[in-house]
Amino acid sequence: MVSVQAKVRMALLRASGQKRFYDNASALHHRLPRHQKPSMARPPRRVRRRCDVEQRDVRGFPCFTFRPRDGQSGDLHVFHLHGGGYVEQVEKHHWRYAADLVARLGCAVTLPVYPLVPRHDHTATIPMVQAAYDQVAAGDERVVVTGDSAGGALALAIAQNLRAAGRPQPERLILYSPWLDVLLEDPVSELLDETDPMLGIAGLREAGRMYAEGTDPHDPLVSPIHADLTGLAPITLFIGTRDVLLPDARRFAERAREAGIELDYREYPGMFHNWLMQAIPEGREAMNNVERALRRPPVSARSAPGPGSSPKPG
């Protein structure tokens, strides 16, 4: 059953105009300035009070690392890539997510503020997040990469680049409502557009077109639904059944199993895009599962690793 709080949140999302932003190409371009305010690229004061915050520049863009204020961070470092269709700046729930992970796990969390379209495209965005990841991976901490929506695709781009370079994978990839195909070619997505309270097909395709500028949108670094998944890190994937991205998530999960990836697939009935970062019961439940995944020992420390799946929420 979908909670009352979730139903209210979906109604508020519709009323807020968030879905209208993705209605069509014209609406997206018209509303871009309010979704790319420079003030959004800085952690809110409330988050700064909760964590120690370090800022550095990576390829000319800010990158923030959050740690416990007592300085006693453990050996885990979460590298998070925010969503927003490559056109939206970091939002309050992304900053809150970073602070919550620090509080739950006593870990470090790094969040790069990467280049956005239309001013930039994948040729700037992917190298920037790769460089930010490389700085984190150069330390001696365990590294897990998480990403929501477009950030999920960026997480998979990093993993593919690491494999191509013969470098170690992160300990795990955790993907929240990942955007896996910038073209959204699965016809089932069109049907889900009517029930998705947050995303729209036409606007997403326009954002994807700008992000893929100059290359084939089927390029696996841009649309990882087409990637060879062999040899990538273990994957945990969360998706809701009211999300237009659901069909690609299901297809991706099947391809991951075929590639022998250790997979933890969690599909939540009635949930909308990136519900995990919302203050609703289903969001708290999903984040509890995220916490358990982050506390899980590395594959090398487990006696019997292997492919698997969890088709229902735990």
Side-chain angles (χ1 to χ4, degrees), residues 1-37 39-47 50 80-101 103 111 116 146-152 175-179 184 189-207 238-246 249 266-290 313:
M1 296 291 290
V2 177
S3 71
V4 172
Q5 295 95 321
K7 292 177 180 177
V8 170
R9 183 59 189 159
M10 285 188 275
L12 289 173
L13 281 170
R14 289 189 179 277
S16 72
Q18 174 67 27
K19 188 173 177 73
R20 291 196 295 275
F21 176 61
Y22 289 106
D23 267 350
N24 53 58
S26 177
L28 185 137
H29 284 280
H30 177 70
R31 294 168 180 262
L32 267 181
R34 72 185 70 177
H35 290 266
Q36 296 188 355
K37 294 177 182 177
S39 61
M40 299 171 70
R42 297 188 294 272
R45 187 175 303 172
R46 180 177 299 180
V47 169
R50 294 175 61 187
H80 183 71
L81 295 156
H82 74 88
Y86 306 111
V87 295
E88 295 189 75
Q89 194 50 273
V90 189
E91 297 193 66
K92 289 181 180 178
H93 59 262
H94 295 119
W95 300 119
R96 195 165 55 240
Y97 164 82
D100 286 348
L101 284 187
L111 197 159
L116 299 176
T146 67
D148 66 279
S149 194
L175 313 178
Y176 312 138
S177 305
W179 187 16
L184 289 154
S189 291
E190 298 274 3
L191 300 176
L192 289 171
D193 198 355
E194 297 180 7
T195 60
D196 188 320
M198 193 171 184
L199 299 179
I201 297 287
L204 277 176
R205 285 175 175 160
E206 173 65 5
F238 291 84
I239 192 73
T241 60
R242 283 182 179 267
D243 194 328
V244 296
L245 307 182
L246 172 66
R266 295 178 177 269
E267 185 174 298
Y268 278 65
M271 285 300 98
F272 51 97
H273 187 69
N274 203 22
W275 80 98
L276 299 90
M277 296 185 187
Q278 302 294 331
I280 56 176
E282 294 88 346
R284 288 188 288 272
E285 178 191 347
M287 283 306 301
N288 288 340
N289 284 323
V290 170

Compare every heavy atom of Ser149 with every heavy atom of Gly83, then report the nearest pair and how far apart it is.
-> CA-CB, 4.0 Å
Nearest heavy-atom pair of Leu13 and Pro197: which atoms, and what distance?
-> CB-O, 3.8 Å
If the plane angle is over 60° it's perpendicular, under 30° parallel, otherwise tilted; pick one for Tyr176 and Tyr97.
-> perpendicular
side-chain hydrogen bond (donor to acceptor under 3.5 Å, both in side chains) filter on His29, not counting sequence neighbours, yields Glu206
Heavy-atom side-chain contact between Asp100 and Arg50 under 4.5 Å | yes
Is there a donor-acceptor contact under 3.5 Å from the side chain of Glu282 to the main chain of Val2?
-> no
Atom CZ of Arg46 with >12 non-hydrogen neighbours under 6.0 angstrom | no
Taking side chain as C-beta onward, heavy atoms only, is Ser177 less than 4.5 Å from Phe272?
-> no
Set of residues satisfying side-chain contact (heavy atoms from CB on, under 4.5 Å) with respect to Met40, sequence neighbours excluded = Lys37, Gln89, Glu91
Once you round to the nearest 0.5 Å, how far does CZ of Phe21 lie from CG of Leu28?
-> 4.0 Å
Heavy-atom distance under 4.5 Å between the side chains of His35 and Gln18, does that happen here?
-> yes
Measure across Ala207 and Val87 and return the closest heavy-atom pair with its distance rounded to 0.1 Å.
-> CB-CG1, 3.8 Å
Note, Val47 side chain near His94 side chain (heavy atom, < 4.5 Å) | no
Tyr268 and Asn289: side-chain donor and acceptor closer than 3.5 Å?
-> yes
Nearest-0.5 Å distance that lies between atom NE2 in His30 and atom CZ in Arg20 = 11.0 Å
Distance col, row Met271:CE vs Thr241:OG1, nearest 0.5 angstrom, shows 7.5 Å
Hey, could you give me the CD/CZ distance between Gln5 and Arg284, rounded to the nearest 0.5 Å?
-> 6.5 Å
For residues His80 and Asp148, is any side-chain donor paired with an opposing acceptor at under 3.5 Å?
-> yes
Heavy atoms only: give me the nearest Ala150-Gly85 pair and the separation to one decimal.
-> CB-N, 3.9 Å
Taking only residues two or more places apart in sequence or in another chain, which ones pass salt bridge (Lys or Arg N to Asp or Glu O under 4.0 Å) with Arg9?
-> none
Can you tell me how far CG of Asp193 sits from CG of Asp243, rounded to the nearest 0.5 angstrom?
-> 11.0 Å
Output for pair (Leu204 CG, Asp196 CG), nearest 0.5 Å, gives 8.5 Å
Residues Leu276 and Met287: closest non-hydrogen pair is O-CG, 3.4 Å
Would you call Val244 and Leu192 a side-chain contact if the rule is heavy atoms closer than 4.5 Å?
-> yes
